[in-house]
Amino acid sequence: MKAGFLLAGAAVLAGRGFAAAKQPNILFILTDDMDSHMEALAHMPLLQKHLVNEGTVFSRHYCTVALCCPSRVNLLTGRAAHNTNVTDVWAPYGGYPKVVREGINDDYLPIWMQQAGYNTYYAGKIWNQHSVENYNEPFVGGFNESDFLLDPFTYEYWNATMTRNGAPPVSYEGQYSPDLTAIKAYDFLREAMMHEQPWFVVHAPIAPHGNVHFAADEDDEAKQSAPKYAARHAHLFKDYKIPRDENFNPAVQDGVSWIAKLPLLNDTVIEYNDEFQRSRLRALQSVDESTAALLQLIDDAGELDNTYIFYTTDNGYHISQHRMHPGKECGFETDVHIPMIVRGPGVARGHVSQAVTSHTDIASTIMELAGRPLENTDGSPMPLSIEAEVAASKTEHVNIEYWGLAIPEGELGRYGDANMTDDYGAAAHAAENNTYKGLRVIGDGYNLYYAVWCTNETELYDLVQDPFEVRNLLGTNHTDLAASLRIADRPIQPIVNRLNALVVVLKTCARDTCREPWKALHPQGDVASLHQALNAKFDDFYATQPRVYFTKCEIGYLADSEGPNYVNQFGGGIHEGHISVSATNKGGKQEGYNRKALDYLGPQHRISIWT
Ligand SMILES: *[C@@H]1O[C@H](CO)[C@@H](O)[C@H](O)[C@H]1NC(C)=O
Ligand SMILES: *[C@@H]1O[C@H](CO)[C@@H](O)[C@H](O)[C@H]1NC(C)=O
Ligand SMILES: *[C@@H]1O[C@H](CO)[C@@H](O)[C@H](O)[C@H]1NC(C)=O
Ligand SMILES: *[C@@H]1O[C@H](CO)[C@@H](O)[C@H](O)[C@H]1NC(C)=O
Ligand SMILES: *[C@@H]1O[C@H](CO)[C@@H](O)[C@H](O)[C@H]1NC(C)=O
Ligand SMILES: *[C@@H]1O[C@H](CO)[C@@H](O)[C@H](O)[C@H]1NC(C)=O
Ligand SMILES: *[C@@H]1O[C@H](CO)[C@@H](O)[C@H](O)[C@H]1NC(C)=O
Ligand SMILES: *[C@@H]1O[C@H](CO)[C@@H](O)[C@H](O)[C@H]1NC(C)=O
């Protein structure tokens, strides 16, 4: 390794004092629905060679909301979903129109990068409900050049429709979408490297998201299916099977709400699901190749020593785990624990970081590299070097949140009657009551997932004993196990009381409170971890905190249905949560959760959601 390489890295990564003379370039690869738990990374040999072996894998990286659009907003703003209030993929609670109305299109990472002197480029999918009809109302902000996939063709692997720099949509019938967006990313990268300024280039292919085909015939339903792959990858992974882990179609089902009621999947579904995952792995091969090709271009230009490469996805995925059909939207590890790899100057090679990080941290991480640290986000810069990892104040929590339905994405899935719309038939048969507040806590000697659902049911998994989250310690099936749980020598009830209070804080946290939630409860600053909070002297204090509950299962962030937003502070006083007042509440147009809001997807209506 070159000495200059190490020195430059140390200067940039030592933290606050930015001595770095030159702002580094950033290449960001953002896949769609990629899993960590069905071996996706292990099946990407070029990624292994160029990123895993040459960079750092963040082995405890999480998305905070397991759905494309809200997660991308979280990633590109550094704000929790309850603060962006983009919580869905469609109007009225999410999608591009909501992004615009919340002011995010004028105030997010690419804009901040431009303000920091970067040229910015984006190829692929950015938002949902960013369509052939609204792509110019207004144009996506913040990119010097862009080529965006547009709805309703976003997930058509062989019929992408894209807008380049805001020009009228162009159809690419017959071209393979992940290869197509890669070619556009190569062009942008070459363009970027011709200028003096540092650059931020994003490639966001749709792989390995399922294929969604919108029939031209207005009577036909849209069809979701496994992703399509290129012919050159068709021969791969014929023997692959989804790992038969303990959570794979379990003989005894646990969990809460609609999940607890799921029947066993039969052999037909299991086989279909294995092939579904094989298709995902094949679709990812295109991304494996293009990521290596992007690195080659950077290397050829001699820029590799001044470039950071981030590789991640918007959310995870489950297939057959917990008896579920292909999909996301859950708080299980399959859905929220996702791949994150960083390579660049000063980032340890072949290292696996144990730091607990999330998508809320990414904007802060990138802006710190750009030399313009952010102050108003809910996250903090990820510790990219080993020195920073050691020095970092030990974050041990991830605030997981979700509002809405759970949609089965395979062709065989049926959960319920919650038809979203007749025009988007693929989304029908969704499960209701999938709104919850979750909390991951990973500290010295403990590893927990706790959640409170809109049905008021609660879940607690001890991932030390139960890494596959199949034994809910707060249900009726595992009372013995629950009775034997000990953390810091304390039993389950004091533990749950602490977790409950932490969720009350996190569900309306903003900025510092999201980063250091224990301080809301202990303003003296003497408690910074679950372990410290478990001191018996705080037992009465935690036993009398407000409880997390919902009065109704809403499909969006309607604060009135979400119970109390304050906690008592140790030593007296009250900490009040922060409820973001949504732009839509400031006089913007309100759209009901009804067919009309989605009608633009149906060729027979063609109404603009902006009229
Ligand atoms: C990219 O856009 C920014 C912001 O508009 C501008 O300042 C910069 O000059 C642009 N770069 C190029 C190469 O046009
Ligand atoms: C491909 O997309 C275009 C719109 O860009 C559409 O007009 C055409 O019907 C689509 N082709 C197929 C086979 O679906
Ligand atoms: C508990 O176990 C029984 C069988 O022992 C099973 O029928 C039930 O679905 C399980 N799950 C829950 C959430 O009670
Ligand atoms: C298996 O389950 C699927 C989905 O529930 C159902 O459509 C199918 O009929 C079942 N097949 C058999 C052989 O029972
Ligand atoms: C959903 O659609 C099915 C048929 O497509 C219908 O039988 C059912 O009543 C609908 N459910 C709701 C809640 O609208
Ligand atoms: C959703 O939860 C409510 C409240 O607990 C319950 O009444 C309703 O039956 C649930 N709906 C479904 C589809 O499970
Ligand atoms: C949840 O509990 C609260 C407080 O006890 C109660 O007001 C509410 O009705 C419950 N919600 C549901 C969905 O059962
Ligand atoms: C979030 O947005 C929805 C839809 O516009 C709105 O009804 C709701 O009040 C907003 N929530 C908050 C807390 O502002």
Side-chain angles (χ1 to χ4, degrees), residues 23 25-26 105-122 138-147 164-166 187-202 246-247 249-265 321-324 330-332 370 372 403 431-437 449 451-461 466 468-482 496 500 503-504 507 544-555 558-566:
Q23 290 167 302
N25 308 306
I26 312 281
N105 196 43
D106 306 315
D107 190 15
Y108 70 139
L109 184 62
I111 305 250
W112 306 331
M113 292 295 277
Q114 284 185 334
Q115 287 165 353
Y118 279 70
N119 291 329
T120 58
Y121 306 84
Y122 198 106
F139 296 112
V140 169
F143 294 101
N144 287 77
E145 297 208 39
S146 60
D147 217 324
R164 189 177 186 93
N165 299 330
D187 284 351
F188 288 153
L189 183 57
R190 288 193 193 96
E191 162 78 25
M193 293 193 299
M194 282 163 49
H195 297 279
E196 284 277 299
Q197 294 93 337
W199 45 262
F200 173 57
V201 172
V202 184
E246 224 189 328
N247 58 6
N249 199 26
V252 177
Q253 180 74 342
D254 214 8
V256 298
S257 195
W258 61 276
I259 294 166
K261 297 177 204 141
L262 291 175
L264 262 180
L265 302 173
Q321 292 89 11
H322 308 279
R323 300 188 180 177
M324 294 192 285
C330 295
F332 293 121
R372 299 281 180 92
W403 300 260
E432 293 173 283
N433 289 353
N434 193 52
T435 294
Y436 54 82
K437 309 283 177 197
Y449 177 63
V452 181
W453 288 59
C454 62
T455 54
N456 285 343
E457 291 162 283
T458 54
E459 276 178 304
L460 176 66
Y461 300 100
D466 177 23
F468 297 104
E469 303 171 297
V470 290
R471 289 183 268 280
N472 175 16
L473 298 178
L474 301 177
T476 50
N477 278 3
H478 300 287
T479 45
D480 289 353
L481 208 58
V496 170
N500 171 77
V503 174
V504 181
K507 77 192 179 82
T544 55
Q545 290 288 357
R547 307 216 56 84
V548 181
Y549 65 79
F550 293 79
T551 43
K552 211 173 154 214
C553 279
E554 309 279 8
I555 52 177
L558 302 177
D560 288 350
S561 302
E562 300 198 352
N565 294 314
Y566 71 92

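Atoms within each ligand, like the ligands themselves, are counted from 1 in listed order.
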Original post:
Quick one: does Phe200's side chain get under 4.5 Å of Leu109's, heavy atoms only?
Top reply: yes

Between [X] and [Y], what is the shortest heavy-atom contact and its length?
X      : Y      : answer
Pro546 : Asn500 : O-ND2, 3.0 Å
Val201 : Ala192 : CG2-CB, 4.1 Å
Ala431 : Trp258 : CB-CD2, 3.4 Å

Original post:
Any salt bridge between Arg471 and Glu246, counting N to O under 4.0 Å?
Top reply: yes

**OP:** Decide, yes or no, whether a salt bridge links Lys437 with Glu562 under the criterion of side-chain N to carboxylate O below 4.0 Å.
**Re:** yes

Any protein heavy atom under 4.0 Å from [atom]?
atom                    : answer
atom 7 (O) of ligand 1  : no
atom 14 (O) of ligand 3 : yes
atom 11 (N) of ligand 3 : yes

Give the numbers and elements of all ligand 3 atoms closer than 4.0 Å to a heavy atom of [X].
X      : value
Gly255 : 13 (C)
Asp254 : 11 (N), 12 (C), 13 (C)
Val252 : 2 (O)
Gln253 : 8 (C), 9 (O), 10 (C), 11 (N), 12 (C)

Identify, for [atom], the protein heavy atom at the shortest distance, and state residue, atom and that distance.
atom                   : value
atom 2 (O) of ligand 7 : Asn456 ND2, 2.4 Å
atom 1 (C) of ligand 3 : Asn477 ND2, 1.5 Å
atom 5 (O) of ligand 1 : Gln114 OE1, 4.3 Å
atom 3 (C) of ligand 7 : Tyr549 CD1, 3.4 Å

**OP:** Could you tell me whether Asn472 approaches ligand 3 through its side chain, its backbone, both or neither, with non-hydrogen atoms closer than 4.0 Å?
**Re:** neither

**OP:** Could you list which atoms of ligand 1 come closer than 4.0 Å to a heavy atom of His195?
**Re:** 13 (C)

Original post:
Which ligand 1 atoms are under 4.0 Å away from a heavy-atom of Asn119?
Top reply: 1 (C), 8 (C), 10 (C), 11 (N), 12 (C), 13 (C)

Original post:
ligand 7 and Lys552, any nitrogen or oxygen pair closer than 3.5 angstrom?
Top reply: no

Original post:
Is the Phe143-Tyr122 ring centre distance short of 6.0 angstrom?
Top reply: yes

**OP:** Ignoring hydrogens and angles, state whether a donor on the side chain of Trp112 or Asp107 is under 3.5 Å from an acceptor on the partner side chain.
**Re:** yes

Original post:
For residues Glu191 and Trp199, is any side-chain donor paired with an opposing acceptor at under 3.5 Å?
Top reply: no

**OP:** Using side chain to side chain donor-acceptor pair (under 3.5 Å) as the criterion, point out the one residue from Gln114, Glu145, Gln197 that pairs with Thr120.
**Re:** Gln114

Original post:
Counting distance only, does the side-chain N/O of Asp254 pair as donor-acceptor with the main-chain N or O of Asn472 below 3.5 Å?
Top reply: yes

Original post:
Under 3.5 Å, N or O to N or O, is Asn144 touching ligand 1 that way?
Top reply: yes

Original post:
Counting both backbone and side chain atoms, is some N or O of Tyr121 under 3.5 Å from an N or O of ligand 1?
Top reply: no

**OP:** Heavy-atom distances under 4.0 Å are what count here, so tell me which part of Cys454 touches ligand 7: side chain, backbone, both or neither.
**Re:** backbone

